[in-house]
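So the structure is just underneath, and the comments pick up after that.
Lettering follows sequence order; numbering is per chain, from 1.
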Number of protein chains: 4
Amino acid sequence: MTKNKIKKIASKQLAEKGYEQATLSSIAKEVGIKTPSIYAFFKNKEDLFMTVYRDMLEDYYQYIQHSIEQVTAGNVKEKLYRILQELSHYHLSQPEKTQSYMRLALSFPPTFNQEVKDTFNELEQHLCEILHEIFLDGINKREIKNQPLDDLVASFLCVMDGVFLELIYYPEDKYRKRLEQVWNVYWLGISTPLNQN
Amino acid sequence: MTKNKIKKIASKQLAEKGYEQATLSSIAKEVGIKTPSIYAFFKNKEDLFMTVYRDMLEDYYQYIQHSIEQVTAGNVKEKLYRILQELSHYHLSQPEKTQSYMRLALSFPPTFNQEVKDTFNELEQHLCEILHEIFLDGINKREIKNQPLDDLVASFLCVMDGVFLELIYYPEDKYRKRLEQVWNVYWLGISTPLNQN
Amino acid sequence: MTKNKIKKIASKQLAEKGYEQATLSSIAKEVGIKTPSIYAFFKNKEDLFMTVYRDMLEDYYQYIQHSIEQVTAGNVKEKLYRILQELSHYHLSQPEKTQSYMRLALSFPPTFNQEVKDTFNELEQHLCEILHEIFLDGINKREIKNQPLDDLVASFLCVMDGVFLELIYYPEDKYRKRLEQVWNVYWLGISTPLNQN
Amino acid sequence: MTKNKIKKIASKQLAEKGYEQATLSSIAKEVGIKTPSIYAFFKNKEDLFMTVYRDMLEDYYQYIQHSIEQVTAGNVKEKLYRILQELSHYHLSQPEKTQSYMRLALSFPPTFNQEVKDTFNELEQHLCEILHEIFLDGINKREIKNQPLDDLVASFLCVMDGVFLELIYYPEDKYRKRLEQVWNVYWLGISTPLNQN
DNA sequence: CATGAATGAGCCTTCATTCAT
DNA sequence: AATGAATGAAGGCTCATTCAT
């Protein structure tokens, strides 16, 4: 279906060149159609990329949700590490998406920014709840040192953010090593002595 | 001097709107000159923003260097926290610069990207050395739990990155709270029990 | 068809004002369209004039070829004179074309020059062969004094060139007189006494 | 003297690139001054090239005049041939001048064209008189077949023009051969049998 | 003499978009 | 659903030129 092809290539070019350089005509050319044909499917350039963005976010959302739900087995250490790994896997296995993602977050017309932020917040909210539970569980089970839950959640989110940024800037191998180092220190830091093996 | 005014406003508009939207004509208008006048000072649009970027990086470099050198007094805890604070202060006190910075890093013509990465790496290299020393010192003085130095450095860089990303996305008050939470957990995690007060 | 109209007017303005002064906007204005519309038909300004030039050359080529082929009847004197006349007729009946032609030959971006020269050479080559035959025939029939064939061909080409240059510089009436004078002397010069009536 | 340097380089760039491409700034750069400095010596771009052109023509004029005056010795054949040779020598020894010359003749703003033509005409007028005398002399001395003087003059001018055009288009060696062939045929054509050796 | 700064005019070009087909 | 033709808007850039210094 042409519509999907357009979206796919729009997303790809967005990743490669950013919003402004991802010209309708350049997209059309790569799709193999003429520029005005795009308007048969999308009202606008903004509309097209809005859609692309929503799809992307939806996809991400689904993935994260799905990943998290599957992380029921295992102890807290495994759960947390698993989250970082799922995150890494998602971005590493389809780096263009992450790029597009970042690009849109920065280069989108201001009108759009609110929606971007809203979706982001929702996602974060969800994540917070999950992490809350996990850490609560961890403390109860004495896997994790007793600390304010919010602090723990914040710290993990910070690790996630840091790891995410490095995921963008470093090549995969260097990134993987980093991730491990970070995780080692982090886990050693938050866990109770009993669980540091 | 007009040249500086151009650079300043170019940087500002870059932060606000990104490279493509920071039009030469829009810059000129805000400076109060006519567009072609810009060419009396810069060869190109690219040249202008190249200069802006280099200045920015130079400035950042100087600041970090300066900050770090002054962090000789105090124990390791103070030193590390001080670094995070200086970083925060730098970006919070002139948020446009940070924005420009991010924008250029993502939206610049590919030719330029190598230079961006090189400068980045150099900066990181320098930071690594400093952190290395600090952590080594911390371990020797029993302020910090004995762990591989590289892991510690990596973890701190990750915290820095995470904190940096949040600094961009959250409003200042929310950010400050986050920073404190993160720091609490982090320091509790890496320090020896004696130093956890 | 708009495309042809653009070409026609481009050619005309080229003749009148030269490549640089034949602005896309001035062409568009005369065609009655807006400047960007030209890009629906031509990739470039260069592309447009390239096309114009090739058409011109093609047209010239066709004409010369056609003219020559029809000059089978008559004796050698008539044939040669006919060639000069056809040449004159071509340029006099559409002087803009000749002007454009000259203009492009001189003012075109260097990239293009090779193609210009190549086409020119091909045309000249063809002409040489024809003249060769005619002169050979002339000598055999004792209409023309026995001289090296190559010299005769060269001399005739020189007359053509001279005549061509004068065709550009003189107004038509003056040119016609000149042509006759030149032809008189030339024919008297190369013909055998029997044929000088 | 800077003024002369400007003129020289203006002329050179004119030859190489034509009037429009011979930018004041590009001239200034090659001279080693800043663009506005040109205005210390010339009122205008047009003024500059006007001067350049007048100098060129003056120079040409002088040369031709001088050449011709020195062609008093020798018989008519030698005189005529000498003229062609001087012409060739002039253009071959400083081909840029000829290029500039042609360029200006074609690409100059229309205002200027009249002066160009006037000077040209004057030169031609002068040449005509000289040729008139030579041919008259030639006929009287039975070196040249009796023909209308005007025709002879016209024919020689035509040869000059043709030869000139070929001088521009052919490389030197090819040109020289051509010139000889043309001259052979021409002289054989106009001379009396007695003088054809 | 020379130049730094500035500018009006204009050029080529690209882009998103529309509309009739 | 697709496209050829057209366009308003704008962008980056160059050029000749001026003027104060």
Aromatic ring pairing Tyr63(C)/Tyr90(C), orientation class (parallel under 30°, perpendicular over 60°, tilted between): tilted
Proximal nucleotide (of [options]) relative to the [X] side chain:
X	options	result
Pro36(B)	dA5(E), dC15(F), dC15(E)	dC15(F)
Lys34(B)	dA6(E), dG8(E), dT17(F)	dG8(E)
Ser25(D)	dT7(E), dC11(E), dC15(F)	dC15(F)
Phe41(C)	dT3(F), dG8(F), dA5(F)	dA5(F)
Leu24(C)	dC13(F), dT13(E), dG8(F)	dT13(E)

Do Ser100(D) side-chain atoms and Ser11(D) backbone N/O form a donor-acceptor pair below 3.5 Å? yes
Is the side chain of Thr51(B) donor-acceptor paired with the backbone N or O of Asp47(B) at a distance under 3.5 Å, no angle test? yes
Given pairs defined as Watson-Crick or G-U wobble with both distances under 3.5 Å, what dot-bracket annotation applies to DNA chain E, with ( ) intrastrand, [ ] crossing, | other strand and . unpaired? .||||||||||||||||||||
Measuring to OP1 and OP2 of dT3(F), would you say a side-chain N or O of Ser37(A) lies under 4.0 angstrom away? yes
dA1(F), OP1 or OP2 - any side-chain N/O from Thr2(A) closer than 4.0 Å?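 For dA1(F), OP1/OP2 do not have a side-chain N/O of Thr2(A) under 4.0 Å.
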Interatomic distance, [X] [atom1] vs [N] [atom2] [rounded to whole Å]:
X	N	atom1	atom2	answer
Lys43(A)	dA1(F)	NZ	P	18 Å
Ile27(C)	dT13(E)	CD1	P	11 Å
Glu20(D)	dC13(F)	CD	C1'	17 Å
Glu46(C)	dC11(E)	CD	P	18 Å
Phe42(B)	dC13(F)	CZ	C1'	16 Å
Ile33(C)	dG8(F)	CD1	P	12 Å
Lys3(D)	dC1(E)	NZ	C1'	13 Å
Leu48(D)	dC15(F)	CG	P	15 Å

Upstream residue (5' side of DNA chain F) when Thr35(C) and Gln21(B) are each assigned their closest nucleotide: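 It is Thr35(C), whose closest nucleotide lies nearer the 5' terminus.
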Judged by each residue's nearest nucleotide on DNA chain F, which is more toward the 5′ side, Thr23(B) or Asn44(D)?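 That would be Thr23(B).
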What do you reckon, are the aromatic ring centroids of Tyr60(B) and His91(B) less than 6.0 Å apart? yes
Could you tell me whether Lys7(A) sits above the aromatic face of Phe42(A), with NZ or CZ closer than 6.0 angstrom to the six-membered ring centre and within 45 degrees of the axis? no
Decide whether a cation-pi geometry holds between Lys5(B) and Phe41(B); the criteria are a distance under 6.0 Å from NZ or CZ to the six-membered ring centre and an angle within 45° of the ring axis. no
In Å, rounded to the nearest 0.5 Å, how long is the span from NZ of Lys29(D) to OG1 of Thr35(D)?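 The distance works out to 9.0 Å.
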Shortest non-hydrogen separation from Ile33(C) to Ile38(C) and the atoms involved: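 Shortest heavy-atom contact: CD1-CG1, 4.1 Å.
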Which is more 5' along DNA chain E, the nucleotide nearest Tyr39(C) or the one nearest Ala40(B)? Just name the residue. Ala40(B)
